[in-house]
Amino acid sequence: MTDAEVLAGRVLDRLTASGELTPAWSAAFAAVPRHRFIPDTIWIADGAGLVPLHRCEDPHEWLQRAYASAAVITQVDDGHPVGPGERGRYITSSASHPGVVALMLAAVDAQPGMRVLEIGTGTGYNAAVLAHRLGAGKVTSIEIDAQIADHARRALASTGYPVTVITGDGAEGYPTHAPYDRIVSTAAVRQVPYAWVEQTHPGGKIVTPWGTPYHNGALVCFTVTSDGTAEGRIVGDVAFMRLRGQRFRATIDDDQCDETTARTRHTTLAPYCVTSEYDASLAIGMKVPNCAPIYVPADYYPDCARLWFIDPITGSWANLVHRPDTSTYPVHQSGPRNLWDEIENAYHWWCDAGRPGPQRWRITVTAAGQQVTLTTTSTVAQPTA
Ligand SMILES: C[S@@+](CC[C@H](N)C(=O)[O-])C[C@H]1O[C@@H](n2cnc3c(N)ncnc32)[C@H](O)[C@@H]1O
């Protein structure tokens, strides 16, 4: 047995034991050699950013990472590193965590013979797993980055998986091969493109990571109905890079975030309540648009961190310092929005609503746009966003 086969066997055992890998996908997982899709240069964190790891320099480490319980970063900053010392800052392509691949495939629920469109080809690995189960000519995959698409085409050809890889913007789907039984996106959206609904058979499914700027971490499974509507439920907790046209990048600009000119108040709502509780932060994201949290550990005090909330569109920001030894936190707010007030109100709304979890949210997509509603246990109740 080669080292790669040993490592692949361990991944298979781990995912089978945890129940993440369903029997339907187990043969495809076992057959597709993940390392043959991983480019020779991958990126790893060094504390100051993302640095390249070249296979030729450390083949052992490269192979370990190809089969680790983690995503493998395969591109940074759209191919042009922007961080200090040519480090990468943003992850712009990766081979997803094997557990997440398994979770998404289970949600996609594709049967042999079905036609599938994948958005975000990346390495081509997920497309190969799909093609192994669905058969020749059934999988189309679209990738926006030409170099990444070329790599995937080569990897798929050399491993013998017949996938059509298109270079283009997956937000438009790929009408030439439509209609599809399933569309699966491996890039996250804030708004589901209606083209995906139009290109899916009635009764078919769309599976995509979905989120708000505040909370990027829900896997949503939509069913398309004959009247051209897609009804979605949250079926998992995943965080993906966003579709290129739907990125939301919030950064802290030290020159503009001047606390001395900001509005100041105090709060007793602990910062971790609004960021670390999955259900709360999901709900806050539905209520507070265009606002992203940024957590900055503070090295001057143990267990202390500064939490920022940024709306880059209006230039509004709020911050507060989390300290473990206090129950009152000073808050600074600046710009046309009082972001902390909005967040606090949304948190209290969520508590008053009975602290709803992900299973209570529904996302509906029609030609007119996307609507998010909170249901009671059985019926749709309150429109929110
Ligand atoms: C998480 S990676 C995909 C992982 C991939 N499925 C695999 O098995 O390796 C997300 C990919 O989506 C691509 N992407 C981002 N925006 C896109 C868009 N609008 N259309 C098509 N691909 C896009 C990125 O370039 C990136 O390669």
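One-based numbering, in listed order, for ligands and for the atoms of each.
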Hey, is Glu5 close enough to Arg10 for a salt bridge, meaning N to O under 4.0 Å? no

Under a 4.0 Å N-O cut-off, is there an ion pair linking Lys205 with Asp109? yes

Are Arg153 and Thr167 close enough that a side-chain donor and a side-chain acceptor fall under 3.5 Å? yes

If you look at each N/O of ligand 1, which protein N/O atoms lie under 3.5 Å away, and at what distance?
unit_1	atom_1	unit_2	atom_2	d
ligand 1	6 (N)	Glu118	OE2	3.1
ligand 1	6 (N)	Gly120	O	3.0
ligand 1	6 (N)	Thr186	OG1	3.1
ligand 1	8 (O)	Asn126	N	3.0
ligand 1	9 (O)	Thr123	N	3.0
ligand 1	9 (O)	Thr123	OG1	2.6
ligand 1	16 (N)	Arg244	N	2.9
ligand 1	19 (N)	Asp169	OD1	2.8
ligand 1	20 (N)	Gly170	N	2.7
ligand 1	22 (N)	Ile144	N	3.2
ligand 1	25 (O)	Glu143	OE2	2.6
ligand 1	27 (O)	Ser93	OG	2.7
ligand 1	27 (O)	Glu143	OE1	2.8
ligand 1	27 (O)	Glu143	OE2	3.4

Output every pair passing ring pair (Phe, Tyr, Trp, His ring centres under 6.0 Å) with a member in residues 202-250, not counting sequence neighbours, ordered by first then second residue. His215-Tyr278

Does Arg87 CZ have over 12 foreign heavy atoms under 6.0 Å away? yes

So does Glu86 have more than 12 non-hydrogen atoms from other groups sitting under 6.0 Å from CD? no

